[in-house]
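Quick one: the structure is below, and I'll ask about it shortly.
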Amino acid sequence: MSSQYDHKAVEAKWQDRWERHRVAETDLRQAQGKYYMLMMFPYPSGDRLHVGHGRNYILGDALFRYLRMNGKRALNPMGWDAFGLPAENAAIQRGVHPRDWTLANIKVMKEQFKRWGILYDWGKEIASCNPDYYRWNQWLFLRLLEKGLAYKKKAPVNWCPSCQTVLANEQVVDGACERCGTPVVQRDLEQWFYRITGYADRLLAGLDQLTGWPEKVKTMQRNWIGRSEGGEIDFALPSLSEKPEKPEKLTVFSTRPDTVHGATFLVLAPEHPLAARLIADLPERGAIETWIEKVRNTPRIQRSAEETPKEGHDTGKTAVNPATGEEIPVWLANYVLPEYGTGAIMGVPAHDARDLAFARQEGLPVRLVYHPEGVEIDPSSLTEPILHEGVIRNAPPFDGLPDGEETIAKFVDWMSAQGFGRRQVAYRLRDWLISRQRYWGTPIPILYCDNCGMVPVPDDQLPVELPYDVEFTGREGNPLSRSKAFVETKCPKCGGAARRETDTMDTFVDSSWYYLRFLSPRDATRMFDPDTANRWAPVDQYIGGVEHAILHLLYARFICRVLHDFGMVGFEEPFTDLFNQGMITRYSEKTGRIEKMSKSRGNTVSPDILIEEMGADTERVYTLFIGPPEKEAEWSDEAVTGAHRFLNRLWRIAERLSEAPPTAPAPTEAELERQRHLTIQRVTYSMERFHGNAAVASLMELLNSLSRALDDQTASRLRCEETFDTLVQLLHPMAPHITEELWERRGHVLTLLESTWPAYDETKTRRARIPLVVQVDGKLRDRVEVDADAAEPEIKAAALASEKVQEFLVDRELVRAVVVPGRLVNLVTRRSA
RNA sequence: GCGAAAGUGGCGGAAUUGGUAUACGCGCUAGACUUAGGAUCUAGUCCCGAGCGAUCGGGUUGGGGGUUCGAGUCCCCCCUUUCGCACCA
């Protein structure tokens with residue numbers, strides 16, 4: 001009578017039921033709630049959804065179901081990060097409109113989620129490419145513009161020749177485009193920026209409060225912000241000054257202003273604004289200009305690589321070291337970067353490795369101002385800089401100060417008093433470049449009027465809609481700028497002819513606040529409802545890959561603070577807990593290596609085929625069982641069958657439950673009951689840590705025990721049924737379809753999802769009599785059975801009574817017995833005298 | 001170079017946080033049922049040695065030291081891998 005488990009029928013039945021009954025819907029008017037947002041919103045470019053990424057969604061859904069069964073009001077919304085370059089590129093390659101292409105992909109992905117049995121609150125679905133979403137990007141842009149937090153400026157920016165657009169610094173990975181891998185080049189362009197640098201300190205300080213974030217991500221953000229305290233120092237440039245009494249100044253930044261006495265030259269970035277004037281009168285000016293151009297066009301990674309040879313040119317001009325009064329040469333060199341600090345440094349070769357290398361190369365003087373042992377050495381023999389954590393001690397303000405009292409801050413104070421320097425903090429963080437020269441994004445709500453200049457689009461004219469009817473002729477230029485209907489408009493101020501801004505926004509603008517829109521997705525009057533936002537947000541648990549550590553997660557933190565400052569939310573951090581998931585890897589025929597699963601690498605497993613053959617539950621269980629979620633995991637095609645067999649065994653056990661005898665001997669039954677409690681404990685513990693692999697393993701063990709009990713007839717029918725029910729409940733987050741079906745067939749009225757997560761009794765996880773481990777000198781020698789609550793003397797006596805133990809005690813005397821009640825006893829001996 | 005994490009059978013990995021290492025699964029071996037099986041079931045499977053055998057002894061968590069009655073777990077040194085940073089003044 002044993003019927004084969006028909007996964008297709010069962011999965012179709014429950015997926016349909018979940019959809020029709022909208023089981024994942026959450027009423028946001030509830031007074032309190034935990035907002036478990038379980039993943040990044042996916043990017044429907046067509047190449048992002050595959051088994052590897054399915055791990056996020058499957059884990060998220062398992063967690064969601066687990067929370068629901070525990071009575072938590074979790075919200076599991078889903079939306080689409082629909083804009084972006086890959087979508088536009090893919091669409092162009094296929095001759096499809098990006099919008100049609102994206103919407104078709106969304107449809108496919110929704111189907112995929114359904115086939116995986118993933119529950120989303122589709123009533124809160126959003127898509128960033130819809131005007132009712134992106135109008136709020138525009139609205140927020142205008143608010144930032146009002147506050148001076150959005151601005152346009154000409155700057156050297158990263159240009160991806162393949163994507164035909166600029167990129168933010170965060171999107172340049174190892175000098176290449178984050179999306180397509182093409183090396184980026186530098187270009188001087190007028191671009192829109194968000195002033196994230198104004199929030200650098202707060203973004204940095206906030207990291208310390210984020211106890212629920214992985215240290216790794218916080219470190220990456222700290223490095224990215226790159227805060228350095230130091231000082232600015234002014235050097236007079238008499239040779240460039242027309243009036244000697246009011247000399248021109250050159251300001252440098254240094255984290256070690258206390259080394260100023262050792263500054264024997266200045267170095268400017270070739271891009272420095274003063275560079276042209278400094279070389280204007282030189283005979284070799286043309287050659288230097290060519291060299292500047294070359295340096296400017298060197299890709300940034302190469303330029304800032306340590307191995308890159310230092311190249312420099314003497315300007316023939318001098319500056320005055322304000323601390324010593326000495327005239328020192330002024331150079332241009334490629335190792336000084338224009339965008340950091342002031343784009344100019346003082347060269348202190350005795351105390352800085354880079355300056356020393358440059359000084360040796362160019363024959364510049366070296367002056368030592370300090371040696372920790374007070375040793376007099378010839379500066380010309382110095383091969384390594386003298387580095388010192390404290391302040392350079394023979395600097396003037398510290399004469400007479402006791403050790404330990406000197407600080408760089410004090411030195412800067414002295415410098416300020418002298419009038420040539422001040423405290424300064426430098427950041428590596430640059431402003432966020434948000435404009436893109438592409439069609440498929442949020443139009444920037446700006447007009448250019450011949451009379452009025454740059455004019456922001458008034459709020460009541462939002463959204464500035466992206467026109468559908470646009471020609472995608474080729475890859476040169478922004479298609480949007482060729483749409484007359486879009487570009488040509490009227491100035492809201494004077495009514496005259498005006499042209500629209502044709503740059504669109506970076507997609508990371510969309511994702512920087514989407515978690516708030518989920519909470520009031522249909523609100524036509526506001527970006528989001530602040531009351532609901534404050535009740536549900538910040539997000540309690542965020543799950544996503546580490547690849548967003550300094551992109552999405554930094555931008556979202558920035559925008560959250562901006563919204564906080566606008567009085568729109570009452571919190572500064574958007575995500576309380578962050579869990580980084582490891583990716584799934586697989587052997588790639590194409591490259592011959594084990595790599596992250598992706599279509600471009602040709603090493604994906606089609607979810608469709610897997611689901612067709614083995615079922616969604618098999619895929620879910622295997623995906624969780626493959627390994628701990630924080631680690632990356634290698635997909636194994638054979639190992640999937642383990643999960644499949646497990647579910648098939650579970651199905652067959654259900655049909656064998658009636659074979660159990662009505663009654664069974666109590667002691668053997670008690671063992672099954674003990675295992676049931678133990679399994680609840682273990683699975684609960686594992687789920688709390690997202691360790692689905694350990695949870696599944698425990699459940700396999702319980703199934704093995706139940707199977708054995710049925711084979712041996714050692715448990716009553718009631719006990720077997722109870723064990724089975726618990727097993728099915730605990731397995732539900734991982735394998736929702738088969739468990740709901742079995743639960744229903746067992747005659748339960750409520751669905752599993754509505755049932756309460758089983759509770760365990762700690763006392764029942766323990767045996768009445770336990771096999772006590774007996775060690776002699778730390779080595780396992782025997783096991784003796786004792787009462788679980790046996791007292792120390794009793795345990796000791798039982799241990800010594802063991803014959804095997806006695807053998808090991810021959811010729812030895814007992815020094816001590818370490819008794820760990822309920823676990824083991826360790827007899828410590830030494831040789832008898 | 002600097003910083004972080006990790007290293008457990010043939011493979012993925014477990015070990016409830018200092019207390020029986022190798023659970024669970026894959027693979028493999030033998031057998032059963034099958035026309036057949038990439039289906040299912042049963043038994044075995046860390047390494048070395050002894051024994052026909054149930055068993056017995058020894059060793060083992062990258063290597064070496066240390067703390068402890070007791071270490072996969074804590075501390076120190078080294079090796080390897082992965083990730084992050086790297087001319088940021």
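The figures here come from the full heavy-atom set of this structure, side chains too, leaving out hydrogens, waters and symmetry mates. Naming convention: chains lettered A, B, ... in sequence-line order (proteins, then strands); numbering from 1 in each chain.
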Q. For the pair made of CG in N826(A) and C1' in rC69(B), what is the distance, rounded to whole Å?
A. 5 Å
**Q.** Phosphate OP1/OP2 of rC56(B) contacted by K804(A) side-chain N/O (<4.0 Å)
**A.**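 Checking rC56(B) against K804(A), a side-chain N or O does come within under 4.0 Å of OP1 or OP2.
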Q) Quick one: which of rC26(B), rC69(B), rU17(B) gets closest to the side chain of T641(A)? A) rC26(B)
Q) Quick one: E792(A) CD to rG19(B) C1', roughly how many Å, whole number? A) 15 Å
Q.
In this structure, how many angstroms lie between the C1' atom of rG13(B) and the CD atom of E701(A), rounded?
A.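 Going from E701(A) (CD) to rG13(B) (C1'), I get 13 Å.
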Q.
If we count only N and O atoms by modelled type, under 3.5 Å, do the side chains of R816(A) and N826(A) hold a donor and an acceptor together?
A. no
Q) Counting side-chain heavy atoms from CB outward, which of rG12(B), rC69(B), rU42(B) is closest to V818(A)? A) rC69(B)
(Q) Can you see if the side chain of R645(A) gets near the phosphate of rA39(B) - specifically, an N or O under 4.0 Å from OP1 or OP2? (A) yes
Q: Calculate the interatomic distance between L650(A) atom CG and rG25(B) atom P; express it in whole Å.
A: 14 Å
**Q.** Watson-Crick or G-U counterpart of rU81(B), or none if no pair lies under 3.5 Å
**A.** rA5(B)
Q: Measure from the side-chain heavy atoms of R823(A) and tell me the nearest of rG19(B), rG27(B), rA14(B).
A: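 Between rG19(B), rG27(B), rA14(B), the one nearest the side chain of R823(A) would be rG19(B).
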Q: Assess the pair W291(A) and H313(A): is the distance between their ring centroids shorter than 6.0 Å?
A: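 Yes.
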Q) Can you tell me if the side-chain N/O atoms of K779(A) get under 4.0 Å from OP1 or OP2 in rG59(B)? A)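 True: K779(A) side-chain N/O within range (under 4.0 Å) of rG59(B) OP1/OP2.
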Q) Within less than 4.0 Å of OP1 or OP2 of rG13(B), is there a side-chain N or O belonging to K631(A)? A) yes
Q.
Using the side-chain heavy atoms of A697(A), tell me which of these nucleotides is nearest: rU16(B), rA23(B), rC26(B).
A. rA23(B)
Q: Have a look at V348(A) and say if it touches a base, only the backbone sugar-phosphate, or nothing, with a 4.0 Å heavy-atom cut-off.
A: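 Nothing, no nucleic acid heavy atom in range.
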Q: Go through the steps for E632(A) and I584(A) under the test side chain to side chain contact (heavy atoms under 4.5 Å, CB included), then give the verdict.
A: CA-CA 6 Å; E632(A) 67 174 48; I584(A) 294 205; over 6 Å; no
Q.
Please tell me if N223(A) has a side-chain N or O lying less than 4.0 Å from either OP1 or OP2 of rG3(B).
A.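 Looking at the OP1 and OP2 atoms of rG3(B), neither is under 4.0 Å from any side-chain N or O of N223(A).
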Q | Residue-phosphate contact under 4.0 Å: R428(A) side-chain N/O, rA86(B) OP1/OP2 | A | yes
Q.
Under a 3.5 Å threshold, yes or no: a donor from one side chain and an acceptor from the other, between S705(A) and Q675(A)?
A.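 There is such a pair between these side chains.
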Q) Just to confirm, is there a sub-4.0 Å distance from OP1 or OP2 of rC83(B) to any side-chain nitrogen or oxygen of N580(A)? A) no
Q. Is R682(A) near enough to rU16(B) that one of its side-chain N or O atoms lies under 4.0 angstrom from OP1 or OP2?
A. no
Q.
Whether R816(A) contacts rU68(B) is assessed here as follows: a side-chain N or O lying under 4.0 Å from the phosphate OP1 or OP2. Is that the case?
A.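 No.
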Q: Grab the CE-C1' distance between M220(A) and rC2(B) for me, whole Å please.
A: 16 Å
Q.
So, does R689(A) get its side chain near the phosphate of rU16(B), meaning an N or O under 4.0 Å from OP1 or OP2?
A. no
(Q) So if I take every side-chain heavy atom of F808(A) and compare against rG19(B), rG13(B), rG58(B), which nucleotide ends up nearest? (A)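 It is rG58(B).
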Q: Ignoring hydrogens and angles, state whether a donor on the side chain of T829(A) or R812(A) is under 3.5 Å from an acceptor on the partner side chain.
A: yes
Q. Contact class for P214(A) vs. all strands (heavy atom < 4.0 Å): base, sugar-phosphate, or nothing?
A.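 Answer is nothing: P214(A) stays at 4.0 Å or more from every strand.
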Q. Taking any strand in view, what nucleotide pairs with rA14(B) in a Watson-Crick or G-U wobble way, both distances under 3.5 Å?
A.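 Paired with no nucleotide.
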Q | E311(A) and Y335(A) side chains, donor-acceptor separation under 3.5 Å | A |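 There is no such pair between these side chains.
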**Q.** Interatomic distance where CG belongs to L824(A) and C1' belongs to rG70(B) [whole Å]
**A.**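 That distance rounds to 8 Å.
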Q. Which of the following nucleotides, rC24(B), rU40(B), rA86(B), is nearest to the side chain of E306(A)?
A. rA86(B)
Q) What is the distance from CD of E547(A) to P of rU82(B), rounded to the nearest Å? A)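 In whole Å, rU82(B) P lies 19 Å from E547(A) CD.
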